[in-house]
Amino acid sequence: MTRWILSGLICCLVASALRAENWSNWRGPTQNGVVAGHNFPTEWSDTKNVAWKVKLPGAGASTPVVWGDQIVLTCAVDGKNAVLGLDRAGKQRWLAKLDDERSGKHKKATGCNPSAVTDGELIYAYFKSGNLACLDMKGQVKWQHNLQAEYGEDTLWWDLGTSPVLTKNYVVVAVMQTGPSYLVAFDKQSGALAWKQDRNVDAPSEAAQSYSTPIVTQEHGQEALIVLGADYVTCHAAETGVELWRVGGLNPTQHKFFRSIASPVIAEGMVVAPYARADSITGVRLGGSGDVTKTHVAWTREEKGVGADVPTPVAEGKRFYNCNDKGEVSCLDVATGKTIWTGLTEKHRRAYSASPVLADSKLYVTREDGKTFVLAAGDEFKILAANELNEEMVVATPVLVDHQILIRGLEHLYCIGQ
């Protein structure tokens with residue numbers, strides 16, 4: 001009997017270990033695109049090293065999230081915004097249809113661009129329609145708010161891309177647009193409004209519009225939110241939304257069309273803020289109070305193509321990595337902003353929308369045609385592999401969990417690995 005009990009416990013532990021990793025938000029467990037796991041696939045194709053491939057019930061551009069034995073993503077189904085729950089073999093468990101879809105304007109976008117976020121108890125999904133929905137892990141809707149109905153219509157020129165984030169007590173959404181802009185927080189359990197903080201700045205025209213996602217961090221001994229967009233980096237107390245500090249000067253010439261898509265990352269006590277349609281990056285030291293533009297900007301790089309327009313950088317230790325719309329990948333020093341190396345993944349090909357991911361000293365960058373380059377992380381540019389997936393449009397960021405890679409195309413979800 002004792003032997004059977006021990007065997008059962010061992011089996012449970014092994015099963016738990018095999019499904020021990022979670023990917024709770026679009027940039028992964030660390031919010032900066034870095035994965036702690038090992039032994040992820042380096043080489044694959046449409047027919048090689050693919051564990052499974054499933055056709056999704058509708059289009060969407062959001063990155064999946066993974067918690068335990070469940071995959072969750074958003075898509076449009078029968079003209080409705082929907083949240084889909086799959087098991088780890090790609091089988092559908094549930095499908096929750098919500099409000100009417102507001103379709104995307106751009107060819108590579110949809111009304112389901114923002115990625116869901118989960119704490120393992122509840123799931124939060126946000127859509128171009130303005131709907132913010134909370135569901136349990138079985139797909140039952142707990143509460144909903146339509147931010148546009150409650151606080152004003154979306155004035156973005158293109159398609160909503162900002163994902164919700166979770167603090168200790170709240171789910172928070174940043175709305176940065178031409179006209180009234182704000183951060184808003186709702187109680188995670190009840191959906192009751194916790195706070196709403198205006199974020200109206202002097203950015204001109206389209207520069208006032210941002211598609212970036214905040215970062216949750218610690219500042220002055222309290223939970224805080226770092227927000228990039230509308231020509232500023234701002235830091236807010238997570239419990240109240242009150243602004244703690246700000247850095248301006250990201251658009252010194254008052255360029256009308258410096259809308260921002262890439263989100264910031266944090267490494268070594270520094271906020272790395274890509275801006276100006278890939279033509280600038282700014283390093284901002286955490287800390288301070290009020291306007292810290294003159295005291296906390298550590299460095300600024302302003303040159304064509306030095307940063308990234310759509311993909312958010314990945315940061316680990318003293319380095320961070322960009323990939324831009326021209327197929328270039330670069331490694332820069334966090335402390336100084338100086339370039340360590342720049343490499344071209346492939347001549348005459350462009351377009352990266354997915355953000356890079358770093359795992360096991362390898363950098364994964366997925367192009368819009370589904371081709372993923374695996375590069376060596378470190379002090380020199382080196383391509384380890386180039387993997388194609390039948391040229392399906394991919395704008396979602398790869399998800400690396402449990403020695404597998406999930407790649408979400410507009411029509412299919414692929415699981416790479418054993």
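If you're wondering where the values come from, they're calculated on a predicted model, not measured in any experiment.
- Residues Gln189 and Glu121 bring a donor and an acceptor atom of their side chains to less than 3.5 Å of each other.
- Checked by atom type, the side-chain pair Thr372/Thr366 shows a donor-acceptor distance below 3.5 Å.
- At distances below 3.5 Å, not a single donor-acceptor pair connects side-chain atoms of Asp198 with backbone N or O atoms of Asn200.
- Residues Gln70 and Trp94 bring a donor and an acceptor atom of their side chains to less than 3.5 Å of each other.
- Side-chain atoms of Asp279 come within 3.5 Å of backbone atoms of Gly305 as a donor-acceptor pair (strictly under, hydrogens ignored).
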Test side chain to side chain contact (heavy atoms under 4.5 Å, CB included) applied to Val357 and Ser355, step by step: CA-CA 7 Å; Val357 177; Ser355 298; over 6 Å; no
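- At distances below 3.5 Å, not a single donor-acceptor pair connects side-chain atoms of Ser181 with backbone N or O atoms of Met176.
- Across Lys105, Lys108, Lys128, Arg102, a single residue satisfies salt bridge (charged side-chain N to carboxylate O under 4.0 Å, His left out) together with Asp159, and that is Lys128.
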Residue pair Arg277, Glu206: steps toward the salt bridge (Lys or Arg N to Asp or Glu O under 4.0 Å) verdict: CA-CA 12 Å; Arg277 293 178 178 262; Glu206 193 191 10; 3.4 Å; yes
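- For the residue pair Asn131 and Ser129, no side-chain donor N or O sits within less than 3.5 Å of a side-chain acceptor on the partner.
- Annotation: cation-pi pair Arg199/Tyr182 absent, no NZ/CZ under 6.0 Å from the ring centroid and within 45° of its normal.
- The number of heavy-atom neighbours closer than 6.0 Å to CD of Gln218, taken from other residues, nucleotides and ligands shown, is above 12.
- Residue Leu286 comes nearest to Ile226 through the heavy atom pair CD2-CD1, 4.1 Å, listed as atom of the first residue, atom of the second, then distance.
- With 3.5 Å as the limit, one finds no donor-acceptor pair spanning the side chains of Trp195 and Glu239.
- Of the N and O atoms on the side chains of Thr118 and Ser24, not one donor lies less than 3.5 Å from an acceptor on the other residue.
- Shown here for Gly417 and Ala51, the closest heavy-atom pair between the two residues is O-CB, 3.0 Å.
- Looking only at atom types and distance, the side chain of Asn387 has no donor-acceptor partner in the side chain of Glu43 under 3.5 Å away.
- Separation of atoms OG1 (Thr63) and CZ (Arg27) is listed at 8.5 Å; rounding is to 0.5 Å.
- Side chain of Arg88 to main chain of Val66: no donor-acceptor pair is present (N/O by atom type, distance under 3.5 Å, no hydrogens or angles).
- Using modelled atom types, no side-chain atom of Gln31 and backbone atom of Ile215 make a donor-acceptor pair closer than 3.5 Å.
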Full working for side chain to side chain contact (heavy atoms under 4.5 Å, CB included) between Ser210 and Leu228: CA-CA 8 Å; Ser210 179; Leu228 169 64; 5.8 Å; no
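- For Gly287 against Val292, the heavy-atom pair with the smallest separation is O-CG1, 4.4 Å.
- Without hydrogens or angle criteria, Thr178 side chain to Ser205 main chain gives a donor-acceptor distance under 3.5 Å.
- Under the 6.0 Å distance and 45° angle rule, Lys196 counts as a cation-pi partner of Tyr151.
- With Trp299 as reference, Ile281 is the one residue of Asp333, Ile281, Thr282 to meet the side chain to side chain contact (heavy atoms under 4.5 Å, CB included) rule.
- Proximity of a side-chain donor or acceptor of Arg285 to a complementary backbone N or O of Thr295 within less than 3.5 Å is detected.
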Derivation and outcome, salt bridge (Lys or Arg N to Asp or Glu O under 4.0 Å), residues Asp231 and Arg246: CA-CA 10 Å; Asp231 299 347; Arg246 66 168 50 192; over 6 Å; no
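- A side-chain donor-acceptor contact under 3.5 Å links Asp202 and Tyr232.
- Of the N and O atoms on the side chains of Thr345 and Arg367, not one donor lies less than 3.5 Å from an acceptor on the other residue.
- Under the 3.5 Å distance criterion, with hydrogens and angles disregarded, a donor-acceptor pair is assigned to the side chains of Glu150 and His145.
- Sequence neighbours left out, the pairs with a member in residues 305-318 that pass salt bridge (Lys or Arg N to Asp or Glu O under 4.0 Å) are Arg259-Asp309.
- The line from OG of Ser45 to CD1 of Ile416 is 8.5 Å long, rounded to the nearest 0.5 Å.
- In this model, a donor atom of one side chain and an acceptor atom of the other lie less than 3.5 Å apart for Asn81 and Asp99.
- In summary, the side chains of Thr339 and Arg301 do present a donor paired with an acceptor at a separation below 3.5 Å, with no hydrogens or angles considered.
- Under the 3.5 Å distance criterion, with hydrogens and angles disregarded, a donor-acceptor pair is assigned to the side chains of Asn32 and Thr30.
- In terms of modelled atom types and a separation under 3.5 Å, the side chain of Lys188 and the main chain of Thr167 share a donor-acceptor contact.
- Donor-acceptor pairing under 3.5 Å is lacking for the side chains of Thr234 and Glu243.
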Stepwise salt bridge (Lys or Arg N to Asp or Glu O under 4.0 Å) check, Lys362 with Asp360: CA-CA 5 Å; Lys362 297 192 287 279; Asp360 204 12; 3.8 Å; yes
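- Gln197 and His236 form no side-chain donor-acceptor contact under 3.5 Å, judged by distance and modelled atom types alone.
- Here the straight-line distance linking atom OH of Tyr364 with atom CG of Leu384 works out to 8.5 Å at 0.5 Å rounding.
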Criterion side chain to side chain contact (heavy atoms under 4.5 Å, CB included) on Leu344 and Phe381, from CA distance to verdict: CA-CA 9 Å; Leu344 186 66; Phe381 175 73; 5.8 Å; no
